[in-house]
Every structure is written in structure tokens, then in C-alpha cells.
Protein chains: 2
Amino acid sequence: MAQGEQGKGASTPTLWDRTRQLAAHEILETALRLFTQQGYDETTIAQIAREAGVSQRTLFRYFGTKEDLIGGSQERFVTLMTDTVREQPADVGAWEALRAAFTTALSLHTSPEQALERFRLVHHTDSLRAAYLGKRVRCQEELLPLLEARPAPSGTGRGQARAIVATAFACFDAATVTWLEADGQGDILALYDQGLAAVRS
Amino acid sequence: MAQGEQGKGASTPTLWDRTRQLAAHEILETALRLFTQQGYDETTIAQIAREAGVSQRTLFRYFGTKEDLIGGSQERFVTLMTDTVREQPADVGAWEALRAAFTTALSLHTSPEQALERFRLVHHTDSLRAAYLGKRVRCQEELLPLLEARPAPSGTGRGQARAIVATAFACFDAATVTWLEADGQGDILALYDQGLAAVRS
DNA sequence: CAGGACGTTGGCAGCCACTGCCAGGTTGGC
DNA sequence: GCCAACCTGGCAGTGGCTGCCAACGTCCTG
């Protein structure tokens, strides 16, 4: 639980934190490897723990849920997106701010290949897709208040921000799936722009 | 498994089918009652089975999943929506067809009060919301091919149908949540129209 | 109406994700 | 060196869910 403390000073990584980080990394890598090798549902927590060299109990202490082994700390995504939106100048519209947030989120992936593999895994496993969608909705809800204050395109009433955020995420998802079906060819953001353009006739 | 056969003739409800229907109804009612009384996560399958007068094993034979006790045969919704879209004249646009499908889906609720209660339960329980979203995505995917053939508003290219369907569902969800937060005041379809109008500036 | 074919039910054992609890070892500050 | 804080592993237990099997009711046929 002390891992959140080294964000500022980095003065005392304290060996414990280092060990923690190492273990977490090992677990995550093992899990991802097994998931892609034999599928998510076919991989048990016991197997991951065994091959990662930790007990099940410890594994659950690091990642509270089997699904968390995929998201790779979804929290980071959410905070990064909210921060990005917050950093936009006040006169930037909701659509533009959301696009910037998506750009930031996409820049987090280490490589397109890894992103493709990850996306494929999530979208092909029912339980994972459901979990992802749940977290996505939460992200939307956190973004909502930040966007309600922004200038609407043509002075539409309040309460419409929710529809705008939901639409942006929907188009982003559509772009992701399209990108997935094309085996990673093209640019997700470009697909997003195309989809949104089609929607906003 | 024989329950799907009485759709046409209704010639032989065969007592077995009647018994099945009765049991299913009893289970569903008990589950809904307990869920609203003490919450979804706090209600165990064992309790539902006990109070419904069946064994756990039988309960799982009727409803393969605890989540299925809420959806009330989500299949019906999907087929009804796809049928509605299919019935639309060929020159009706995708947006209009989708709106018609939502209208049909909404007309299935017996009363606004029950719909409100059901929606509240789903949206306030993480696991249920995730399951709902998963089924929603599947519904979108079934609707997709039916809409790709329809005339796009301004000749936008293919592949954009996915974004349109996703947007429609997103706005529908936004409308539902808004309606929920207003304690069921107003009309969901009207909220949907407002949201979509805001999106399509 | 007897008897077999078929479908339904309940119970049991078991798997898997997940949690609380407790003993034991390691690390850090004094 | 010592105590406190922390982390780890194991174990038992819960809850959703499944496979298997024996018992029973229903339906159809002879």
C-alpha cells in the first residue's frame, strides 16, 4: 500500500517498493503471456501464480481481480485523460478536448503490435469486454463534469454533455474495432475522425 | 429445451411447458423481489432457490447465470429490435430505423415504475451494468449488417455504420441515465432526441 | 393399461475466483 | 540489537457455476 508514496521525491525507493514493482511486473508479464498463449478463460489464477513464483494470495494482493491483470492499472488511463482535458484552454470545445484525451490515451501504448494483441484479447473475451466497458463508463462519468463547463457547439442545453461524451467514446470504440478487424492497419485516430464525421453528418 | 416449439400452433402446451413457464416465472419474481429488497450482490443463488422452492441446480438450468435473472431473456429484446429494423422500408435511413427499434424496445416495459426500478438496479450494480453493456454490444453487432445497406445521410463511406450504431446506443444510454437521475420524469425517447440533436449539432 | 422412452429434477462433488485470518519471515528506524 | 511496521504464504471458507447420476413424472405406444 506504500507504493503511492514515491511519486514526488523518489528519495526512498526503500527496496520494498523495488521488490513490489518487480513482483508486479513479473506477474503481469506471466499473465499476459499465458492469456495470449491459451486464452483468458483457460488460464487459472493458480497457474499464473505458480509460473510467476508467488502465492495466489499475494497475486490477489497486487491485483484485486483477474481482470485487473489486463487493464494494467486502468487508473492511470483515467487520470491521464482527465488531466489532459483539464489542461485544455477554457475556450476549447468538448469535442476537441475529448479528442485530445484520446490522443493521450493512445500514446500510452508501447507499440502498435502490443496494442493490437491487447485489444484482440479484450474484444474476443466476453467477460473482459464487459469489464472494459464498465470501466469505460466510469471514465465517462469522471470526464462529464469537466466537459459540462465547456462551450457547447451551438448553445445546446445542459445535460447534453452526457450524450456528447458517450458519443465520443462510442466512436472511439467503433474506431478501435474497425482497426482491429483491419489487423492494425491505419490509424485509430483517423478512423475516429471519420466515424465522428459520419455521425455528425 | 422444448419451450421454443409452441410459438406457432399453441396446440400442445403439454403441461410440461406450462410447468416450466410457471417455475421460470416464480424464480424470476422471487429474484427480482430479493434484488430490490436487499441488493443484487447481497442476494445469493441459494436464497433465491430456497424461496422459489427449487434446487440451485434447477435454477441454473432455467437461467444459466445470475445476471440472466435480471435481463429477463435479453434475447427477446434483440430479436424484437432486429425485426423492427428489418420491417422498416428500404429507403428509411439508419438513424430513423434505429429510433424505431428503440421505440419498440421501450414499449416492452409493463410500466414506467417497473422500468425505473429495473434500470436503477442495473445501473447501481457494477457487475450488472457491465453485463448489460456486454449484451448491448452484441445487440449492436447484430444490428450492424442490417444498417449497412441503408442509405447514409450524405453518402459517407462504408464502415461508418458501426460508428452510427454505437452513437445511437450511446445516446440512448445517456438518455436512460438522465431519465434515471430525474427519477423517471419525462420521456426517454424525447431525451434521446435531444441528446442526438446536441451531438449532431 | 402396462411398460418403456424421454424429459425433468435434485443432490453431490468439484472447479474457480476471491476473501479473512493468522503465523512467520523480512525490512526499517531507533 | 530490538521492536514495530510490513509483506508473504497457507488455509479455510464463500459464492457462482458445471458435470454426473439416480429418482421421478410425463408422454407415447402397443
Side-chain angles (χ1 to χ4, degrees), chain A residues 1-6 9-27 30-31 34-35 38-71 125-128 130-131 134, chain B residues 1-6 9 11-28 30-31 34-35 38-71 125-128 130-131 134:
Chain A
M1 297 303 171
Q3 72 173 3
E5 307 302 332
Q6 23 74 301
S11 52
T12 319
T14 61
L15 195 156
W16 263 353
D17 296 339
R18 263 179 293 150
T19 310
R20 281 184 69 90
Q21 209 162 339
L22 211 88
H25 187 262
E26 176 74 18
I27 293 171
T30 307
L34 292 174
F35 287 162
Q38 48 185 335
Y40 177 79
D41 289 326
E42 288 69 33
T43 306
T44 69
I45 293 285
Q47 188 183 9
I48 300 170
R50 201 182 327 121
E51 300 207 11
V54 296
S55 69
Q56 291 190 37
R57 198 65 193 81
T58 299
L59 194 154
F60 276 117
R61 264 193 277 260
Y62 280 78
F63 306 90
T65 306
K66 188 182 180 185
E67 287 148 1
D68 289 350
L69 289 167
I70 284 276
T125 312
D126 281 8
S127 50
L128 279 182
Chain B
M1 296 301 175
Q3 71 173 7
E5 307 303 332
Q6 23 71 303
S11 51
T12 319
T14 59
L15 196 156
W16 261 354
D17 295 339
R18 262 180 292 151
T19 310
R20 283 184 68 90
Q21 210 161 336
L22 212 89
H25 186 263
E26 177 73 17
I27 293 172
L28 222 56
T30 307
L34 291 175
F35 287 162
Q38 48 185 331
Y40 178 79
D41 290 327
E42 287 69 34
T43 306
T44 69
I45 293 286
Q47 187 184 12
I48 300 170
R50 201 180 328 119
E51 301 207 11
V54 297
S55 69
Q56 290 191 38
R57 197 66 194 77
T58 300
L59 194 154
F60 276 119
R61 264 193 278 261
Y62 278 78
F63 306 91
T65 306
K66 189 181 180 186
E67 286 149 0
D68 288 351
L69 289 167
I70 284 276
T125 311
D126 280 9
S127 51
L128 278 182

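Chain letters run A, B, ... following the sequence lines, proteins first and then strands; every chain starts at 1.
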Rounded distance in Å - CG (A:Leu128) to C1' (C:dA17): 14 Å

Figure out the CG/P separation between B:Asp41 and C:dC18, and round it to whole Å. 13 Å

Give the nucleotide from the list C:dG10, D:dG9, D:dT18 with an atom nearest to the side chain of B:Thr58. C:dG10

Take the protein atom CZ of A:Arg18 and the nucleotide atom P of D:dC6, then report the distance between them rounded to whole Å. 18 Å

Report the distance from atom CG of B:Leu59 to atom P of D:dG15, rounded to the nearest whole Å. 15 Å

Is A:Thr65 touching bases, backbone alone, or none of the nucleic acid, heavy atoms closer than 4.0 Å? sugar-phosphate

Atom-pair distance (CD1 on A:Ile45; P on D:dG15), nearest Å: 20 Å

Counting heavy atoms from C-beta on, name the nucleotide in C:dT19, D:dG16, D:dT8 closest to the side chain of B:Lys66. D:dG16

Which one, D:dG16, D:dG10, C:dG11, comes nearest to the side chain of B:Arg57? C:dG11

Rounding to an integer number of Å, can you tell me how far B:Phe60 CZ sits from C:dC16 C1'? 13 Å

Select base, sugar-phosphate, or nothing to describe what A:Ser127 touches, counting heavy atoms under 4.0 Å on all strands. nothing

What is the distance from CG of B:Asp17 to C1' of C:dC6, rounded to the nearest Å? 14 Å

Tell me whether A:Lys66 forms a cation-pi arrangement with A:Tyr40, defined as NZ or CZ under 6.0 Å from the six-membered ring centre and within 45 degrees of its axis. yes

Base C:dG10 to side chain B:Arg61, donor-acceptor N/O within 3.5 Å cut-off: yes

Among the nucleotides D:dC17, D:dG9, C:dT9, which one has an atom lying closest to any side-chain atom of B:Tyr62? C:dT9

Can you tell me if B:Arg20 touches the phosphate of C:dT8, counting only side-chain N or O atoms and a distance under 4.0 Å to OP1 or OP2? yes

